[in-house]
**Student:** 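Let me give you the structure first, and then I'll get to my questions.
Predicted, not measured: the structure shown is a model, and the values here were computed from it. First listed ligand is number 1; within each ligand, the first listed atom is number 1.
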Amino acid sequence: MTELVRAEGIEYQAITRGALYLHRDPAELEAGIKKMALLAEHGQKQEILDGNGVARLEPAFEPVKGKIAGAIRDVGDSSGDSRLFSEELARVCRDKHGVTVRLGTRVTALRADGDRIDGVVTSAGVLTADAYVLALGVGAPIVARTAGVRLPIYPAKGYSSTFPLKPGGLAPMISGVDEQWLVGWSRLGDRLRLTSTAEFAGYDWGWTPRDFNNILRLARDLFPDAADYTRGEYRACLRPMTPDGPPILGLGRHRNLFLNCGHGHMGWTMACGTARIVTDLMIGRMPDLDLDGLTVRR
Ligand SMILES: Cc1cc2nc3c(=O)[nH]c(=O)nc-3n(C[C@H](O)[C@H](O)[C@H](O)COP(=O)(O)OP(=O)(O)OC[C@H]3O[C@@H](n4cnc5c(N)ncnc54)[C@H](O)[C@@H]3O)c2cc1C
């Protein structure tokens with residue numbers, strides 16, 4: 001992703017100052033440190049901070065540091081506006097590579113002929129290609145089924161809210177997660193985004209104001225005057241979860257249908273890496289990563 005952003009000059013309100021995994025309780029912090037050690041063993045750079053250290057790094061916590069036992073800072077983490085990133089990337093693909101983006105077109109079925117896909121049935125007619133990539137999030141298992149492919153992907157519903165920052169308010173720059181209240185925050189330019197919750201509710205994108213109670217409770221507890229909490233934009237969204245976590249990549253039973261789905265709660269983080277893997281497979285190049293545990297057969 002870093003390479004792509006640099007090469008194409010993609011602007012997406014990125015903040016590359018790591019992420020804070022915040023704990024309110026000292027025992028939970030100790031347990032969190034043990035859990036995160038696994039990532040450190042695999043090369044992820046981390047720092048352990050106490051409440052004062054958190055406030056020194058991120059002044060938004062100075063008035064509330066008494067509530068914080070400490071934090072694990074994942075130094076390599078970053079945040080940004082994923083929608084802006086996708087729109088900018090689509091623009092580069094269109095302008096530089098002649099890619100056609102068809103928004104508002106619904107895929108209703110895959111048309112299979114033996115071990116090949118020979119067309120995609122859409123609301124704008126049948127489209128044909130040499131190769132197809134299935135990357136439809138929670139829509140992937142529904143469309144895959146039309147060609148007899150069963151994908152173990154199920155929606156896990158989450159809630160996202162975005163608030164305008166108050167002029168002169170004390171808003172966080174560094175993104176993070178309150179590991180006790182399970183709410184995440186990210187600064188997106190002059191807005192603050194807060195997200196939370198994983199629910200099994202099927203294909204239900206609905207929400208009510210009370211679904212955001214824990215988000216607003218956290219916002220008022222940690223960042224009381226950061227943003228105007230009366231002017232939120234709210235939505236519910238569905239994470240495409242697999243039973244064991246990792247996404248499903250590469251070929252299934254058709255020779256020209258490549259899978260790139262099931263990214264769960266980390267889809268943006270993994271998007272560029274998994275796209276590279278699937279591209280490598282499509283052009284017959286060996287991917288950098290061992291695909292054991294990442295294909296449909298696992
Ligand atoms: C609250 C919340 C917070 C999150 N936070 C993070 C985070 O901090 N970092 C991170 O990396 N990830 C995060 N995620 C996860 C991330 O959003 C997903 O993993 C990611 O969006 C999955 O990407 P995708 O392209 O597979 O699916 P999607 O982003 O869902 O995109 C699939 C697209 O396919 C379209 N589609 C589906 N079916 C059809 C069809 N039949 N015809 C035409 N189009 C169709 C959909 O409309 C959609 O546009 C979060 C998710 C939630 C819910």
Side-chain angles (χ1 to χ4, degrees), residues 1 12-15 18-21 74 76-87 89-90 101-111 120-127 132-147 149 151 153-162 174-178 182-188 192-201 203-207 211-212 214-215 218 232-242 245-249 258-275 277-278 294:
M1 182 164 176
Y12 62 103
Q13 298 178 329
I15 298 177
L20 292 168
Y21 296 87
D74 197 305
D77 259 339
S78 60
S79 65
D81 185 334
S82 56
R83 177 178 179 158
L84 211 53
F85 177 85
S86 307
E87 286 173 350
L89 189 58
V101 179
R102 295 181 191 229
L103 298 176
T105 306
R106 184 125 217 105
V107 176
T108 53
L110 296 172
R111 215 171 56 185
V120 173
V121 185
T122 79
S123 52
V126 175
L127 302 175
Y132 303 82
V133 179
L134 187 71
L136 296 176
V138 294
I142 299 169
V143 169
R145 217 175 296 139
T146 63
V149 176
L151 296 177
I153 295 173
Y154 195 80
K157 185 176 186 179
Y159 298 95
S160 171
S161 51
T162 311
I174 302 179
S175 62
V177 180
D178 182 319
L182 296 177
V183 176
W185 62 87
S186 297
R187 167 87 166 254
L188 309 178
L192 182 63
R193 172 158 300 164
L194 295 141
T195 57
S196 183
T197 314
E199 272 173 21
F200 290 116
Y203 286 80
D204 171 17
W205 277 269
W207 58 269
D211 295 322
F212 292 87
N214 65 329
I215 286 182
L218 176 123
E233 281 173 28
Y234 298 99
R235 69 199 162 90
C237 20
L238 305 181
R239 304 172 184 88
M241 302 299 293
T242 57
I248 301 172
L249 308 176
F258 294 85
L259 308 170
N260 190 5
C261 40
H263 293 65
H265 68 297
M266 278 292 135
W268 188 30
T269 309
M270 294 191 279
C272 292
T274 55
I277 289 172
V278 172
L294 292 172

**Student:** What pair of heavy atoms forms the shortest contact from A201 to K157, and how long is it?
**Tutor:** CB-CD, 4.1 Å
**Student:** Could you report the tightest heavy-atom contact between A140 and C261, atom names first, then the distance?
**Tutor:** CB-CB, 3.9 Å
**Student:** Once you restrict to heavy atoms under 4.0 Å, what part of C237 touches ligand 1? Side chain, backbone, both or neither.
**Tutor:** both
**Student:** Ignoring hydrogens and angles, tell me if any N or O in the side chain of S161 forms a donor-acceptor pair with the backbone of L194 under 3.5 Å.
**Tutor:** yes
**Student:** Suppose we measure from atom 38 (N) of ligand 1 to each protein heavy atom; which comes out shortest, and what is that distance?
**Tutor:** G139 CA, 3.7 Å
**Student:** Check each atom of ligand 1 against the heavy atoms of V143 and keep those under 4.0 Å away; list them by number with element.
**Tutor:** 41 (N)
**Student:** For ligand 1, is there an N or O atom under 3.5 Å from any N or O atom of T269?
**Tutor:** yes
**Student:** Ignoring hydrogens, just give me the one of H265, R193, M270 whose non-hydrogen atom is nearest atom 13 (C) of ligand 1.
**Tutor:** H265
**Student:** Can you name the atoms of ligand 1, numbered from 1 with element, that are less than 4.0 Å from a heavy atom of Y159?
**Tutor:** 1 (C)
**Student:** Touching ligand 1 at all, T105? Heavy atoms, strictly under 4.0 Å?
**Tutor:** yes
**Student:** Between T197 and D211, is there a side-chain heavy-atom distance shorter than 4.5 Å?
**Tutor:** no
**Student:** What protein heavy atom lies closest to atom 25 (O) of ligand 1? Include the residue and the distance to one decimal.
**Tutor:** A135 O, 4.5 Å
**Student:** Side chain or backbone, does G264 bring an N or O within less than 3.5 Å of an N or O on ligand 1?
**Tutor:** yes
**Student:** Hey, does the side chain of S175 reach the backbone of A19 with a donor-acceptor pair shorter than 3.5 angstrom?
**Tutor:** no
**Student:** Would you kindly specify which portion of I142 sits under 4.0 Å from ligand 1, judged on non-hydrogen atoms: side chain, backbone, both or neither?
**Tutor:** neither
**Student:** Which protein non-hydrogen atom lies closest to atom 37 (C) of ligand 1, naming both residue and atom, and how far is it?
**Tutor:** L136 O, 3.2 Å
**Student:** Looking at atom 8 (O) of ligand 1, what's its closest protein heavy atom, distance included?
**Tutor:** M266 CE, 4.9 Å
**Student:** When you measure from atom 34 (O) of ligand 1 to the protein, is at least one non-hydrogen atom found at a distance under 4.0 Å?
**Tutor:** yes
**Student:** Roughly how far, to the nearest 0.5 Å, is the CD1 atom of I248 from the CG atom of L151?
**Tutor:** 5.0 Å
**Student:** Flag atom 23 (O) of ligand 1 as yes if some protein heavy-atom distance to it falls below 4.0 Å, otherwise no.
**Tutor:** no
**Student:** Less than 4.0 Å from atom 52 (C) of ligand 1, is there any heavy atom belonging to the protein?
**Tutor:** yes
**Student:** Find all atoms of ligand 1 within a distance of less than 4.0 Å from any non-hydrogen atom belonging to W268, and give their numbers and elements.
**Tutor:** 10 (C), 11 (O), 12 (N)
**Student:** Check for a donor-acceptor pair, side chain of S123 on one end and backbone N or O of R106 on the other, with a separation under 3.5 Å.
**Tutor:** yes
**Student:** Do R102 and T122 have side chains that approach each other closer than 4.5 Å (heavy atoms only, starting at C-beta)?
**Tutor:** no
**Student:** On a heavy-atom basis, I'd like to know which of R102, K157, R239, R83 is closest to atom 1 (C) of ligand 1.
**Tutor:** R239
**Student:** Between Y203 and V138, is there a donor-acceptor pair closer than 3.5 Å when you use the side chain of the first and the backbone of the second?
**Tutor:** yes
**Student:** If only atom types and distance count, is the side chain of S186 paired as donor or acceptor with the main-chain N or O of R193 below 3.5 Å?
**Tutor:** no
**Student:** Do you know the tightest heavy-atom contact between L110 and V143?
**Tutor:** CG-CG1, 3.8 Å
**Student:** Is the distance between the ring centroids of W207 and Y234 under 6.0 Å?
**Tutor:** yes
**Student:** For atom 27 (O) of ligand 1, which protein heavy atom lies nearest, and how many Å away is it?
**Tutor:** G137 CA, 3.3 Å
**Student:** Heavy atoms only: give me the nearest V278-L259 pair and the separation to one decimal.
**Tutor:** CG2-O, 3.6 Å
**Student:** Considering only protein heavy atoms, which is closest to atom 16 (C) of ligand 1, and at what distance to one decimal place?
**Tutor:** G267 N, 3.9 Å
**Student:** Measure the distance from atom 41 (N) of ligand 1 to every protein heavy atom, then report the residue, atom name and distance (to 0.1 Å) of the closest one.
**Tutor:** V107 O, 2.9 Å
**Student:** Considering only heavy atoms of R106, which atoms of ligand 1 have at least one such atom less than 4.0 Å away?
**Tutor:** 38 (N), 39 (C), 40 (C), 41 (N), 42 (N), 43 (C)
**Student:** Looking at P247, is its backbone amide N or carbonyl O close enough to the side chain of T242 to form a donor-acceptor pair, meaning the two atoms are under 3.5 Å apart?
**Tutor:** no
**Student:** Protein heavy atom under 4.0 angstrom of atom 10 (C) of ligand 1, is there one?
**Tutor:** yes
**Student:** Is the closest protein non-hydrogen atom to atom 49 (O) of ligand 1 under 4.0 Å?
**Tutor:** no
**Student:** Do any nitrogen or oxygen atoms of N260 come within less than 3.5 Å of a nitrogen or oxygen of ligand 1?
**Tutor:** no
